[in-house]
Protein chains: 2
Amino acid sequence: MEQNKIPQATAKRLPLYYRFLNNLNQQGKKRVSSKELSDAVKVDSATIRRDFSYFGALGKKGYGYNVEYLLGFFRSTLDQHEVTEVALIGVGNLGTAFLHYNFMKNNNIRITTAFDADTEKVGTDIGGVPVYDIRDLEEKLEDIKVAILTVPAVEAQVIADKLVEKGISGILNFTPARISVPKHIRVHHIDLAVELQALVYFLKHYSLDNPE
Amino acid sequence: MEQNKIPQATAKRLPLYYRFLNNLNQQGKKRVSSKELSDAVKVDSATIRRDFSYFGALGKKGYGYNVEYLLGFFRSTLDQHEVTEVALIGVGNLGTAFLHYNFMKNNNIRITTAFDADTEKVGTDIGGVPVYDIRDLEEKLEDIKVAILTVPAVEAQVIADKLVEKGISGILNFTPARISVPKHIRVHHIDLAVELQALVYFLKHYSLDNPE
DNA sequence: AATAAGTCGTGATATTTTTCACAATTCAGT
DNA sequence: ACTGAATTGTGAAAAATATCACGACTTATT
């Protein structure tokens, strides 16, 4: 289970590589070089080769990588052979965007359950996902290990506590609240206002050339 | 203009600090320590002190930081005294979520203009923002420097090209497409599927303890 | 006035991540 | 076969980031 020592920075890029390889494969492309990949995903080619090398020698010198082989390799590495079920808490605009997104296409992930407090929404189906009452969270969550949190900030901690109690493993938190959880639970924060403001800051202070 | 050598990692955390300080100030809190900040924003206290130190000695030893002073300092550093106008391209669910988000509260940012291809939406106001026809992009964009891109992936590059032509400086790209732009233009990618899949990957391979 | 507790700022160190640069290898063309 | 162009995998170096740990200072208390 414990894949030894893949750097976090690498792990975060894997889904990106995977998706692009998937596209290439669907286009019938048979081989690809780190340079081509680099142009497409905007990651330095040496970084890509280094990333791949953590999994062994996947390519051929002077040739590049076999798309199908590489794809197959990543599929198993990313555990794409079994569907990961995800719950979505908070069916506002952002939550609805997720419900309409088809994660099955490139990622073997499915949102199977959604929750909201709004009685207008409870009982409906959005993007094929049933929306339950947030008060039934504990009963309906079953053994889902991953949750997407798109609720108002003030609700975030209370709901996170409930998720923890039900045995969640990971939370993708879109609220501005930095939630507290036991340390064996992984939380990734995506803070839209912070991202926007950071971009504005970079433009004002790093504008002349574009590092990163 | 060129603030010397603030590390990027620090710059990305500034908006987070700023927002929390703003909250503290509104609560009437007068002082705060790096430890308290650390608990709230989940960043190591030494990292916070280091981050602040790039701007000089903002605190007092044995005391902590004066909330009002620190806030004022960040306000100028983050250029919060003048409103940054932003355009939003693509009024789907995700775009609509942005239009309803009040960036003026903690960030001095305002979405002033939105664009969409759907004639149902063109001409309406969403969250107080007028929605124009995407075909009028060139005419209506005026001198907005920042754009949020929430369109279908296939449209992304075409629209990015138009934005570039109109003199955009920064793009917050929510599409899975990695767009190509001249290198003086800054693009931040937020890729929802990648974030979700990366979280799932971390859970499977790093589950026992939670680094980061 | 002295003491204790709390806290910053930062030199030094550790860790993580990226990049360089090149030997080894492959492939395509002659 | 041979040659030249392309490309990997990786040791080594560089750069970026995070953390440790402590002297110096502030405040509160007695």
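By convention in this document, chain letters (A, B, ...) are assigned in the order of the sequence lines, proteins followed by strands, and residues within each chain are numbered from 1.
Remark: C1' of D:dA15 and CD1 of B:Ile6 are 17 Å apart, rounded to the nearest angstrom. Computed from coordinates, the B:Lys12 NZ to D:dA18 P distance equals 10 Å when rounded to whole Å. In this entry the distance linking CG of B:Asp44 with P of D:dA21 reads 12 Å, nearest Å. We find that CG of A:Asp51 is positioned 13 Å from P of D:dT10, with the value rounded to whole Å. Atoms OH (A:Tyr54) and P (C:dT17) sit 8 Å apart, rounded to a whole Å. Atom CD1 of A:Ile48 is separated from atom P of D:dT10 by 16 Å (rounded to the nearest Å). At whole-Å resolution of the value, CG in A:Leu37 and C1' in D:dA6 are 15 Å apart. Distance A:Tyr69 OH to D:dT8 P: 15 Å, rounded to the nearest Å.
With a 4.5 Å cut-off on side-chain heavy atoms, A:Ile109 and A:Val146 do not count as touching. Put simply, the side chain of B:Leu14 does not reach to within 4.5 Å of the side chain of A:Gln197, judged on heavy atoms. Contact of the B:Tyr54 side chain with the B:Pro7 side chain is registered, since non-hydrogen atoms from C-beta on lie closer than 4.5 Å.
Between B:Arg31 and B:Glu36 there is no salt bridge, since no side-chain nitrogen of the basic residue lies less than 4.0 Å from a carboxylate oxygen of the acidic one.
Distance from the side chain of B:Arg50 is smallest for C:dG11 among the nucleotides C:dG11, C:dT17, D:dA12.
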Using nucleotides 4-9 of chain C, report all nitrogen or oxygen pairs with the protein that are shorter than 3.5 Å.
from, atom 1, to, atom 2, distance (Å)
C:dG6, N2, B:Gly62, N, 3.1
C:dT7, O2, B:Gly62, N, 2.7
C:dC8, OP1, B:Ser34, N, 2.6
C:dC8, OP2, B:Ser34, OG, 2.5
C:dG9, OP1, B:Leu58, N, 3.1
C:dG9, OP1, B:Gly59, N, 2.7
C:dG9, OP1, B:Gly59, O, 3.3
C:dG9, OP2, B:Tyr65, OH, 2.8
C:dG9, N7, B:Arg49, NE, 3.0
C:dG9, O6, B:Arg49, NH2, 3.2

Could you go through the side-chain contact (heavy atoms from CB on, under 4.5 Å) check for A:Ile159 and A:Val151 one step at a time? CA-CA 9 Å; A:Ile159 291 173; A:Val151 298; 3.9 Å; yes

Run B:Lys166 and B:Asp143 through salt bridge (Lys or Arg N to Asp or Glu O under 4.0 Å) and show every step you take. CA-CA 8 Å; B:Lys166 282 291 288 181; B:Asp143 44 21; over 6 Å; no

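Remark: B:Thr47 is in phosphate contact with D:dT19, judged by side-chain N or O atoms under 4.0 Å from OP1 or OP2.
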